[in-house]
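Data first, discussion second: the structure below is written as structure tokens.
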Amino acid sequence: MSTTPKNQEDRYSPAFIEPKWQTYWDEHHTFRSVRRPGHPKLYVLDMFPYPSGAGLHVGHPEGYTATDIVARHARMKGVDVLHPMGWDAFGLPAEQYAIQTGTHPSQKTKENIENFRRQLKMLGFSYDWEREIDTTQSDYVRWTQWIFLQIFHQGLAVQSEIPVNWCSELGTVLANEEVIDGKSERGGHPVQRIPLRQWSLKITEYADRLVHDLECVDWPDTKLKQINWIGRSEGCEIEFAVDQYPSSLRVFTTRPDTLFGATYVVIAPEHPLVETISAASCKDAVRAYVQAASARSDLDRVATSKDKTGVATGAFARHPLTGEKIPIWVADYVLGSYGTGAVMAVPGHDERDFVFAQKHDLPIIEVVSPDGSLSESLLSPFIEDGISVRSGAFDGLPTPEMKRRIIDHLERHHLGKASVSYKLRDWVFSRQRYWGEPFPIYFPVEVANDGDPRKGDPHTIRYDQPIAVDESELPVNLPDLHDFRPSNDPRGPLARALDWVFFQRDGKWFARETNTMPQWAGSCWYYLRFLDPRNDKRPFSEQSYDDWMPVDLYVGGSEHAVLHLLYARFWHKVLFDIGLVKHREPFHKLVHQGMILGENNEKMSKSRGNVINPDDVVREFGADALRAYEMFMGPLEQVKPWKTSGIQGVRRFLERVYKLCLSSEAEAKADEATLRLVHKTIKKVGDDIEAMHFNTAVSALMILSNHLSTLQPVPMDAARTLVLLLSPITPHLAEELWQRLGGTPSVSLQPWPTYDEALVREDVVEIGVQVNGKVRGRIALARDASEDEALALALEQENVRAHVPDGSVRKIIYRPAQILNIIVAK
RNA sequence: GCCGAAGUGGCGGAAUGGCAGACGCGGUGGACUCAAAAUCCACUGUCCGCAAGGGCGUGAGGGUUCGACUCCCUCCUUCGGCACCA
């Protein structure tokens, strides 16, 4: 080996130095978050992981390295940084593992957390580990339940009967994605849509604020996704009287201007009036249709959406303006859960109504025309704005005005009113699972004299009278079940823990809620618990809130763009309303890291055999190489494929840095070119980190290192600066080199180097010379040189002169330090 | 279908109105070596040319500008999200 180092210690050996500095940081509490008066603060938050059995994925270190670099850089700039980590540890996989192995989910969860913690520590993230939290621990669950109670007391947590995909064979409720053709995806068991008692949170009451407050946060397109998800639409509700029936049918429409074109009314199969208004002659057909529709999941309904099925109810509605008799149909293209569950069908101006009307031979009337002229018949629905026609006294009005006039007319005659609908539904908040937070709710139990519901004596649980557990009795811990399996009891596995469910107080029996909260609950407020994670009096102190909130930077995957980020914002707003938090929005700046694909450009997955395991990468290349490589791959937000040859290149770079730093000499002085490059790099790396352009920061460090390695000897001052600039990205390497270059640990506590503006600005610049916009040469000149000087220099060049015949110059464009463009006559 | 993002060498990417391709990977040639690996040095968009140099070139087409990867319009493709929301 030609480059054999003098001894083993002079070789870059991440396997040795990385654990060494991780231990050092732990022992010295290097990254403990402390708030010092008069210093700026930065709360840098990662989306905390679900500690799965598979361990860390290479996608995790991507976002985590990005935030770590920001945090480490800020600390060196004198900023107080809160950079915590924890575990979103409730959830299905641990429960399923428990069912398979007969162990308790907490056991597997604990093991997984230990593995995740080991892996994160192995990557050298500068978390304040003293603030670690685990959503399944009772001192965390206690406050999750406490917040639920605040939501409950605000009247925002209510029970209702909601149709869900219930599979009695599997003993559980299934997600829409898990139901295919009315059968369970796994096992092919029948699935029914049955209404079950569920808790829901009234997030729709916050819909407008959830849209509006997005204005003040620095988020990517996620804002638009949320706005679309909430799907606010303005329109009106209109009453249609039903023939032979006392109450009326209410429909929601965004096109009241097309009211004169309504030729029939459609109600959803779930509509409460379906059964009652159906004519005797149609009842059987209607029942069969409703039955068939309920066997289909939402997803399944959509899949066959081209075919618009439906049956007539035999009932008729009265058109509110013309009094005409129009038929009422049942069809599953109308959703029971949106608007009023009923629509006025205007086939002339709605695609779905048009298709349905054609199929079922219902009349199609044109009431909006592009130019006000009448058409004999419509070959396709006209859905754009236009001029109202065939609308009686309203003829000739343009669509927007027509809408206002119709709503106004309906309101004055008590036939309808303006109204807003949202695609967003209230949040079904209960799960029939074991491994989740119990609800801090119980219910009175009616039981015959001396009966004991625990022994199966007849009893009735009064679900209509929920009682909040007293705050002093929190947390309500999970009972120690041995069998977590779901059963055909829709109350969930907790219902089997009879001694836990039922209790007596003042001689009366009560039953606990046996549903548990969904996995989202814990992640809805964890950023607040990090402020003050060991507080046993309150979720967090006011002081800690003022110290650190809001979250300045929040980084995580875009798969959470709507659900988690919407739920957390909703809870935050409820807490805002009760005065617990002081900002409207919790997360100021949001960034989503892009997915890392396998080497074959496909999504990493076990089945594709292209999964990269961080443990293997660290063993082979080191944590610093992994960190630097993931940052160097490309822009953080972008999807990028993994390349082993790429991380090899980064590893080579780190080895060159190591070697050149150790060969540096304290007496060596940097020449001016070196000094200028050092200062430019200080500026570039600092600016890039702040802009989160980590790929170009690494590139700038490579350029500096390439330059320094051409020097003989390498000036130690320059090497030390290189080490400081590298330290947020490759902290272990930097600590080791800092110490070896005579610095006092920790490099993480050193001030970030400053640059001299005069050295960053080149005095002599090289600019391109264009003739008619084409580059014909380059000249070096003072950055403030005059146009005449530049032109003279340019014309000294043979190639430039060749393109500029005498007397042909028409115009000169000169931008100092940028470009000289000579325009000549052709 | 609707909403959003992105299209630049063989590959990851850089440049956000001023010298296109920084930096890295890969490739080619060379040094070192008995040899290989590792390392180091040089070259590496494409076409024409011995060279000097020139033509072309940032998905396609148009426009604005002295000048466009960058701004505007139309279209194509890819990716992400939503999807009977009346």
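All values reported here derive from a predicted model rather than from experimental measurement. Naming: A, B, ... by sequence-line order, numbering from 1 per chain.
The nucleotide whose nearest atom lies closest to any side-chain atom of A/Arg815 is, among B/rC66, B/rC56, B/rG24, B/rC66. Among the nucleotides B/rG24, B/rC19, B/rC3, the one closest to the side chain of A/Val775 is B/rC19. When distances run from any side-chain atom of A/Ser645 to the nucleotides B/rC25, B/rA20, B/rA86, the shortest one goes to B/rC25. Among the nucleotides B/rC19, B/rA86, B/rC66, the one closest to any side-chain atom of A/Val343 is B/rA86. For A/Asn821, taking side-chain heavy atoms from C-beta onward, the closest of the listed nucleotides B/rG18, B/rA14, B/rA86 is B/rG18. For A/Lys811, counting side-chain heavy atoms from C-beta on, the closest listed nucleotide (B/rC19, B/rC23, B/rC66) is B/rC66. Closest approach to the A/Met702 side chain among B/rG24, B/rC82, B/rC19 is made by B/rG24 (side chain taken as heavy atoms from C-beta onward). Considering only side-chain atoms of A/Asn706, the nucleotide from B/rC23, B/rA86, B/rU39 that sits closest is B/rC23. Across B/rA86, B/rG12, B/rC82, the shortest atom-to-atom separation from the side chain of A/Lys423 is found for B/rC82. Listed nucleotides B/rC3, B/rC66, B/rA86 differ in distance to A/Asn228; the shortest reach to its side chain belongs to B/rC3.
A/Asp221 comes within 4.0 angstrom of the backbone, heavy atoms only, and of no base. The residue A/Lys223 sits apart from the nucleic acid: no heavy atom pair falls under 4.0 Å. As judged by a 4.0 angstrom heavy-atom cut-off over every strand, A/Glu766 is placed among the base-contacting residues. Residue contacts for A/Ser233: at a heavy-atom cut-off of 4.0 Å it reaches the sugar-phosphate backbone alone, with no base atom in range. Looking at heavy-atom distances under 4.0 Å, A/Gly339 makes no contact with the nucleic acid at all. Using a 4.0 Å heavy-atom cutoff across all strands shown, A/Pro220 reaches no nucleic acid atom at all. Heavy atoms of A/Leu224 sit under 4.0 angstrom from primed sugar atoms or phosphate atoms, though from no base atom. A/His803 comes within 4.0 angstrom of sugar-phosphate atoms only, judged by non-hydrogen atoms across all strands, and of no base. If you check every strand for non-hydrogen atoms under 4.0 Å, A/Arg232 touches nothing. The residue A/Gln770 sits close to a base: some heavy atom pair falls under 4.0 Å.
Closest approach of A/Leu636 to A/Phe694, counting heavy atoms only: CD2-CE1, 4.2 Å.
Under the 4.0 Å criterion applied to side-chain N and carboxylate O atoms, A/Glu762 and A/Lys680 are assigned as salt-bridge partners. Residues A/Glu655 and A/Arg11 are not paired through a salt bridge, judged by the lack of any N-O separation under 4.0 Å between the basic side chain and the carboxylate.
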Practice item. Under the side chain to side chain donor-acceptor pair (under 3.5 Å) rule, what do A/Asp208 and A/Tyr422 come out as? Steps first, then yes or no, please. Key: CA-CA 9 Å; A/Asp208 278 340; A/Tyr422 301 93; 2.8 Å; yes
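Rounded to whole Å, the C1' atom of B/rU16 lies 10 Å from the corresponding atom of B/rC71. For B/rG12 and B/rA22, the P atoms lie 15 Å apart once the distance is rounded to whole Å. For B/rC25 and B/rG57, the P atoms lie 31 Å apart once the distance is rounded to whole Å. Taking atom P in both B/rC66 and B/rA60, the straight-line distance is 24 Å, to the nearest Å. B/rU44 and B/rG24 have their P atoms separated by 14 Å, with the value rounded to a whole Å. Nucleotides B/rG10 and B/rU65 place their C1' atoms 35 Å apart, quoted to the nearest Å. Nucleotides B/rC73 and B/rU78 place their P atoms 23 Å apart, quoted to the nearest Å. Of the P atoms belonging to B/rU28 and B/rA37, the separation is 12 Å, rounded to the nearest Å.
Shown here, B/rG9 is classed syn by the O4'-C1'-N9-C4 or O4'-C1'-N1-C2 angle, which is within 90° of 0.
In this structure a side-chain-to-backbone donor-acceptor pair under 3.5 Å is missing from A/Thr258 to A/Gly261. Without hydrogens or angle criteria, A/Ser699 side chain to A/Asn695 main chain gives no donor-acceptor distance under 3.5 Å. Judged by distance alone, with hydrogens and angles left aside, the side-chain atoms of A/Asp353 form no donor-acceptor pair with the main-chain N or O of A/Gly348 at under 3.5 Å.
OP1 or OP2 of B/rA86 has not a single side-chain nitrogen or oxygen of A/Tyr333 nearer than 4.0 Å. Taking 4.0 angstrom as the limit, A/Arg776 places none of its side-chain polar atoms (N or O) nearer than this to OP1 or OP2 of B/rG53. Proximity of A/Arg652 to the phosphate of B/rA38: no side-chain N or O atom is located under 4.0 Å from OP1 or OP2.
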Practice item. Would you sketch RNA chain B in dot-bracket for me? Only Watson-Crick or G-U wobble pairs with both distances under 3.5 Å count, crossing pairs as [ ], other-strand pairs as |, the rest as dots. Key: (((((((..(((.....[....)))((((((.......))))))((((....))))..(((((..]....))))))))))))....
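Atom-to-atom, CG of A/Asp688 to P of B/rG13 comes out at 17 Å; the value is rounded to the nearest Å. Atom CE in A/Met631 sits about 16 Å away from atom C1' in B/rC23, given to the nearest Å. Rounded to an integer number of Å, the gap from A/Leu677 CG to B/rC23 C1' is 13 Å. For the pair A/Phe621 CZ and B/rC25 C1', the interatomic distance rounds to 13 Å; values are reported in whole Å. What separates OH of A/Tyr814 from C1' of B/rC19 is a distance of 14 Å, to the nearest Å. Rounded to whole Å, atom P of B/rA37 lies 14 Å from atom CD of A/Gln648. Note: CZ (A/Arg651) to C1' (B/rC23) measures 20 Å, nearest angstrom. Note: CD1 (A/Ile647) to C1' (B/rG26) measures 17 Å, nearest angstrom.
The closest side-chain heavy-atom distance from A/Phe632 to A/Met702 is below 4.5 Å.
Taking CG of A/Asn610 as the start and CG of A/Asn600 as the end, the distance is 4.5 Å to the nearest 0.5 Å.
Classification of the A/Tyr658-A/Tyr12 ring pair by plane angle, with boundaries at 30° and 60°, yields tilted.
Place A/Met344 and A/Lys774 on RNA chain B by their nearest nucleotides, and A/Lys774 ends up nearer the 5' end. A residue-by-residue look at A/Ser558 and A/Ala700 shows that A/Ala700 has its nearest nucleotide of RNA chain B further toward the 5' end.
A centroid separation of 6.0 Å or more is found between the aromatic rings of A/Trp520 and A/His564.
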